[in-house]
Amino acid sequence: MKLQCDVEVVNRMLPSFGMKSRGKGARAVVSIGKHLDKSSQRSNIYMLICTAKDRSGSKYKLRDNIEKFFTWFVEEGKATVRLKEPAVDVCLSKADANSLKNFLSAARFADRGSDTSSLPLSTLTPVRARDVEQPKKKLSVMSKKDYPLTSNFPYSLEQLQVSYCKLSRVDMRMLSLKALRKLDLSNNHIKKLPATIGDLSCLSELILHNNHLEAFSEALCLSTLQQTLQVLDLSQNRLQSLPARFCQLRELINLKLDDNKLVGLPLQIGRLSKLRFLSAAHNQLTVLPTDFFKLSLENLDLFGNPFIQPNPLDHTMKLSFPLPLQEIASRAVADLRIPYGPHLIPAHLCGDLEAAKTCECGRVCISFYIKTAVSMNLHQVSHTVVLVDDMGGTDAPVQQHFCSLSCYSEFLDSCLQRGLR
């Protein structure tokens with residue numbers, strides 16, 4: 001039984017001499033195994049702690065010698081084993097949580113003197129230098145022949161790049177890397193993302209450039225990525241749409257969607273208030289969502305999309321007279337900002353409210369409205385704009401919704417007046 005982690009051995013007698021511990025652990029391999037006592041000629045179970053400075057290690061007897069276990073933070077890879085003799089606390093940190101739990105379980109068995117025949121005891125021998133090196137933070141695998149098939153990824157990784165390995169799916173071993181901040185799986189053949197990527201609670205960069213993705217899971221939009229994800233690269237995939245809840249990823253700063261098959265951007269894209277860099281060149285966008293007006297970008301690239309030529313007189317009417325009761329009630333909920341959720345109303349109604357459109361007058365419409373498109377100069381929302389077409393234009397059509405005929409009529413009147421001027 002071996003555990004790689006940081007270890008600090010704290011002598012509990014130090015305070016009585018007016019001394020303090022260093023407060024800093026060293027990288028170590030902690031083993032549990034049998035050792036023959038020369039005095040008694042009997043085998044006892046010991047804990048051996050080997051560090052880079054002491055590769056031979058220090059042994060501590062375990063049977064009837066553990067005063068207490070401190071395991072409040074075991075899920076974070078931290079625990080403390082308090083020994084009776086000598087009076088020390090063995091503080092373990094930066095360990096894999098599951099490995100730590102197994103190690104502590106073995107230590108409990110050894111302390112109680114239980115039958116240890118079923119335990120995977122180790123040989124208590126000096127460790128190799130590489131076993132006690134500082135944990136690896138960064139790893140790049142750039143070819144299939146270098147891909148680790150028989151060994152795990154170092155648990156301590158904060159940045160992992162696996163490219164040009166022809167992966168067709170995300171390796172589940174990557175999803176146990178709880179310290180991971182950047183995951184780069186570009187230039188592979190990945191078709192689908194597992195929802196468990198959302199369990200990587202530190203992930204701030206996700207690079208999926210040049211894969212075969214056909215969808216982005218809504219579950220990811222509702223995961224812990226809401227609080228952490230800042231950079232998302234989905235360029236050169238096969239995406240035709242993004243989920244309605246995509247804009248729950250409100251920490252996004254940089255979003256790359258180039259070279260997909262997107263026919264539209266998320267309706268609530270204006271909720272991405274921290275977004276500064278957006279590229280969606282070479283897609284199938286014909287018009288931008290109304291919320292696009294709310295963005296405040298530093299750089300915007302929408303080159304190579306088949307944008308329509310907007311004409312306010314060309315419109316789609318989805319109105320009925322009178323409005324259905326459900327539409328009236330939904331508009332009231334949205335306009336009055338009444339709290340709602342699936343515990344109060346059916347889930348499909350929650351989805352409708354999430355996709356609500358805002359009229360020129362400031363009121364909300366849900367499923368019944370008049371829709372047209374107007375031209376917007378993209379410099380209104382971005383400091384730097386890549387040209388929209390080969391003609392040097394920086395204008396693009398933006399959807400406009402109207403909650404009633406009167407609002408649409410007022411809009412047409414204002415367009416006519418601007419035209420006359």
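- For the residue pair E354 / Y340, a side-chain donor-acceptor distance below 3.5 Å is found, with atom types taken as modelled.
- No cation-pi contact links R82 to F69, judged by a cut-off of 6.0 Å to the six-membered ring centre and 45° from its axis.
- Atom CD1 of I207 and atom OG of S163 lie 9.5 Å apart (nearest 0.5 Å).
- Of all non-hydrogen atoms in A95 and L3, the two that sit nearest each other are CB-CD1, 4.1 Å.
- A distance of 6.0 Å or more separates the ring centres of Y46 and Y60.
- Closest of all the heavy-atom pairs between D233 and K256 is OD1-CB, 3.5 Å.
- Between atom CD of residue E360 and atom OG1 of residue T290 there is a gap of 9.5 Å, rounded to the nearest 0.5 Å.
- A pairwise comparison of heavy atoms in L220 and P194 identifies CD2-O, 3.8 Å as the closest pair.
- In plain terms, the two heavy atoms of C221 and L249 that are nearest each other are CA-CD2, 3.9 Å.
- Under 3.5 Å, the side chains of N211 and N188 contain no donor-acceptor pair of N or O atoms.
- Ring-plane geometry between H212 and H189 is classed as parallel, the angle between the planes falling under 30 degrees on a 0 to 90 degree scale with a further cut at 60.
- Rounding to the nearest 0.5 Å places CZ of F307 at 4.5 Å from CG of L302.
- Taken to the nearest 0.5 Å, the CD1 atom of I45 stands 8.0 Å off from the CD1 atom of I32.
- N283 and P306 make their closest contact through O-CD, 3.5 Å (heavy atoms, listed as atom of the first residue, atom of the second, distance).
- For the pair L213 and L234, the tightest heavy-atom approach, listed with the atom from each and the gap, is CD1-CD2, 4.1 Å.
- Of the inter-residue distances, the one linking S168 atom OG with K191 atom NZ reads 7.5 Å to the nearest 0.5 angstrom.
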